[in-house]
Amino acid sequence: MKKLFKFSVLSVLMLGFAACSSDDGGKPVYSIYDEPAVVESVGELPTIRTAYGKYSVASLANSTSVAEGSLLWVAFMFERNPSDKELPAAQGFKYFEIDSTKVAVPANAAEFEAYLSDSYSDSIELAMLYNTYIDSMLFFKFTQKAAENQRFDYELVCNPDLERDAQNIPTLYIRTKKVDGPTTRTSQSQGANTIFGIEMAEYIAYYKVRFAGEVKFHLKYKIGTDKDGKDVYRAFKSNPITWTVR
């Protein structure tokens, strides 16, 4: 059993991957839920890839919105037989699409300050990082005080100057803004909660040029402004975060 723990101010949200039961033939049935997936192929028998492997999803053949490369948040069951040559088939497949962006790595302090004064000025009540990732993409869950159907966009910005209290490890800042208009992904925002992916390839390359060993970073997210109108950021309690990138 794999525990899905969070590098965040919360400790545990859910279990991600677990054996759940056996079918009538005695085969073990497994479940994957509250997990990211990427669509690898579409057509008559679409395929998704998760952190645990690939699965065929027949029900996605009827989707008009999902395309190759789409990011999904999924829940399904499957039977696993090591002797099978075919991919395990997802059963009871449920999903919603999620959005993503790329990490920003400014060239200098002036460019970094420009990011901190852009339109991403809303506050985040709570931020959490999923331990599960796919390739070089991390997945976050954000909680905000907002209407149920309010959409948000996010940015993750690296401070090019090492902060004195950060143990010579770069600090990344999470910022958000409201997005106007109706959402086309009706389940992306569940109440005031949004799951969002951030592609970290540029930061990984930046880090490995300058530092040795496993990739590390500090995370902070904007929670409001002080009486002088300056942004206030909260650090993740698990800082510094170590990422063993496969």
Side-chain angles (χ1 to χ4, degrees), residues 2-17 32-38 49-52 71-75 96-105 115 120 122-146 152-159 163 165-167 169-177 188-208 211 213-224 231-246:
K2 166 260 187 191
K3 289 185 178 180
L4 180 63
F5 60 94
K6 315 299 183 203
F7 293 127
S8 69
V9 295
L10 294 185
S11 56
V12 176
L13 177 66
M14 296 181 68
L15 295 180
F17 177 84
I32 288 179
Y33 52 94
D34 195 34
E35 291 285 340
V38 60
R49 179 164 54 89
T50 73
Y52 316 107
L71 288 175
L72 310 178
W73 205 253
V74 301
F96 57 85
E97 294 182 66
I98 61 175
D99 284 319
S100 66
T101 191
K102 294 182 179 180
V103 64
V105 183
Y115 273 101
Y120 287 76
D122 288 296
S123 300
I124 301 172
E125 187 174 354
L126 189 65
M128 53 193 300
L129 172 63
Y130 284 85
N131 183 46
T132 305
Y133 66 94
I134 297 178
D135 300 329
S136 56
M137 181 167 290
L138 295 176
F139 296 89
F140 292 80
K141 182 176 181 179
F142 300 111
T143 300
Q144 290 165 265
K145 294 179 180 179
F152 289 90
D153 195 11
Y154 299 86
E155 66 177 10
L156 182 65
V157 186
C158 176
N159 186 352
E163 300 174 8
D165 61 346
Q167 306 168 14
I169 297 171
T171 300
L172 302 171
Y173 288 78
I174 304 171
R175 295 167 56 80
T176 187
K177 67 177 179 180
Q188 177 193 1
S189 181
Q190 302 174 343
N193 297 320
T194 302
I195 296 173
F196 200 84
I198 299 183
E199 172 57 62
M200 298 291 290
E202 187 173 350
Y203 177 77
I204 294 171
Y206 164 87
Y207 187 92
K208 289 186 174 181
F211 306 93
E214 296 174 307
V215 174
K216 296 182 179 182
F217 50 88
H218 290 262
L219 283 174
K220 293 182 180 181
Y221 59 99
K222 181 180 174 179
I223 60 173
D231 290 345
V232 177
Y233 289 85
R234 177 183 293 158
F236 278 47
K237 289 186 176 180
S238 50
N239 285 340
I241 294 164
T242 300
W243 183 13
T244 305
V245 184
R246 292 189 295 271

Engineer: On a heavy-atom basis, which atom in G224 and which in S123 lie closest, and how many Å separate them?
Structural biologist: CA-OG, 3.3 Å

Engineer: Is there a side-chain contact between D99 and L71 in this structure, where contact means two heavy atoms from C-beta onward sitting under 4.5 Å apart?
Structural biologist: no

Engineer: Centroid separation under 6.0 Å, is that true for the rings of W243 and Y207?
Structural biologist: no

Engineer: Counting C-beta onward and ignoring hydrogens, is there a side-chain heavy-atom pair between K208 and V215 closer than 4.5 Å?
Structural biologist: yes

Engineer: Which residues pass the salt bridge (charged side-chain N to carboxylate O under 4.0 Å, His left out) test with D231, not counting sequence neighbours?
Structural biologist: R175, K222

Engineer: For E199 and S100, indicate whether the former's side chain and the latter's backbone hold a donor-acceptor pair under 3.5 Å.
Structural biologist: no

Engineer: Could I get the full list of side-chain contact (heavy atoms from CB on, under 4.5 Å) partners for V157, not counting sequence neighbours?
Structural biologist: A104, P106, F112, Y115, E155

Engineer: Looking at D135 and R49, is there a salt bridge between them, counting it only when a charged N and a carboxylate O are closer than 4.0 Å?
Structural biologist: yes

Engineer: Under 4.5 Å between any side-chain heavy atoms of I198 and T101, yes or no?
Structural biologist: yes

Engineer: For N239, check side-chain hydrogen bond (donor to acceptor under 3.5 Å, both in side chains) against everything at least two apart and list the hits.
Structural biologist: none

Engineer: Can you tell if the side chain of W73 reaches within under 4.5 Å of the side chain of E35, non-hydrogen atoms only?
Structural biologist: no

Engineer: Once salt bridge (charged side-chain N to carboxylate O under 4.0 Å, His left out) is applied, do any residues pair with E214, and if so which ones, sequence neighbours excluded?
Structural biologist: none

Engineer: Just jot down the side-chain hydrogen bond (donor to acceptor under 3.5 Å, both in side chains) partners of K220, sequence neighbours excluded, or say none.
Structural biologist: E163

Engineer: Could you pull out all residues at least two apart from D153 that satisfy side-chain contact (heavy atoms from CB on, under 4.5 Å)?
Structural biologist: Y120, K177, V179, F196

